[in-house]
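Single-structure report; data block below.
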Amino acid sequence: MSDIYKLDPDFLKTLERMYKDSRILYEKGEYYNCCYLCGYILECALKYILLKFGRDENGLPFSVNQVKRYGHKTQTLNEQLDNCISSVNGIPPRYRLDCEKHAPCMLRGKGGYKPWDPGCRYGEHPMWEKKEYCDHYMAESEYIFRFIGEIVV
């Protein structure tokens, strides 16, 4: 594919798309793919906050490429967000998405099962099939969506 068609990522639009599609999948009982998309809601939220409000170690705003380099590593993104908040010229605390408190299942896992990982897209996370487990992802992604909505407004 030619780079002429390639746009910069829009983490906010992607978050909104993943949110909408995850709800459709949940209503259809497609819990595995619902969990898969919910994790992207977390990832996109963290990237959006860093890009919009964060500063790198040189005190400069994060670039799209810097944020993209974190890939799907939500724990690393969360740590970077915490670092930005604790720095002198960092992100104001009101923009802190407290993943440990509001997205623990996706960030750290639950019941001995691993956290969200897009590498599980081929069926490697046995609990994503279960509605009860998916309910955690849904609640966490709902919180994230509302949190980001308050930042954008």
Contacts satisfying salt bridge (charged side-chain N to carboxylate O under 4.0 Å, His left out) that involve residues 69-80 (not counting sequence neighbours) are none
Residue list, ring-ring contact (aromatic ring centres under 6.0 Å, His included) with H102, at least two apart or on another chain: Y143
Looking at residues at least two apart in the chain, or sitting in another chain, which of them share a ring-ring contact (aromatic ring centres under 6.0 Å, His included) with Y26? Y31
With sequence neighbours excluded, residues passing side chain to side chain contact (heavy atoms under 4.5 Å, CB included) with C99: L42, L46, N78, L97, A103, L107
Sequence neighbours excluded - salt bridge (charged side-chain N to carboxylate O under 4.0 Å, His left out) pairs with any residue from residues 136-153: R23-E142, E142-R146
Sequence neighbours excluded, which residues qualify as salt bridge (charged side-chain N to carboxylate O under 4.0 Å, His left out) partners of K131? D135
Who are the side chain to side chain contact (heavy atoms under 4.5 Å, CB included) partners of D56, not counting sequence neighbours? N58, L60, F62, Q66
Sequence neighbours left out, what passes ring-ring contact (aromatic ring centres under 6.0 Å, His included) with Y40? Give chain and number order. Y36, H72, W116
Those residues that, when tested against Y133, pass ring-ring contact (aromatic ring centres under 6.0 Å, His included) (two or more places apart): H125, Y137
Identify all side-chain donor-acceptor contacts of residues 8-15 below 3.5 Å with residues at least two apart in sequence or on another chain.
| unit_1 | atom_1 | unit_2 | atom_2 | d |
| --- | --- | --- | --- | --- |
| D10 | OD1 | L12 | N | 3.2 |
| D10 | OD1 | K13 | N | 3.0 |
| T14 | OG1 | D10 | O | 2.9 |

If the condition is side-chain hydrogen bond (donor to acceptor under 3.5 Å, both in side chains), which residues does R108 pass it with, not counting sequence neighbours? Q75, E100
Keeping to residues at least two apart or across chains, list the salt bridge (charged side-chain N to carboxylate O under 4.0 Å, His left out) pairs with something in residues 31-47. E43-K47
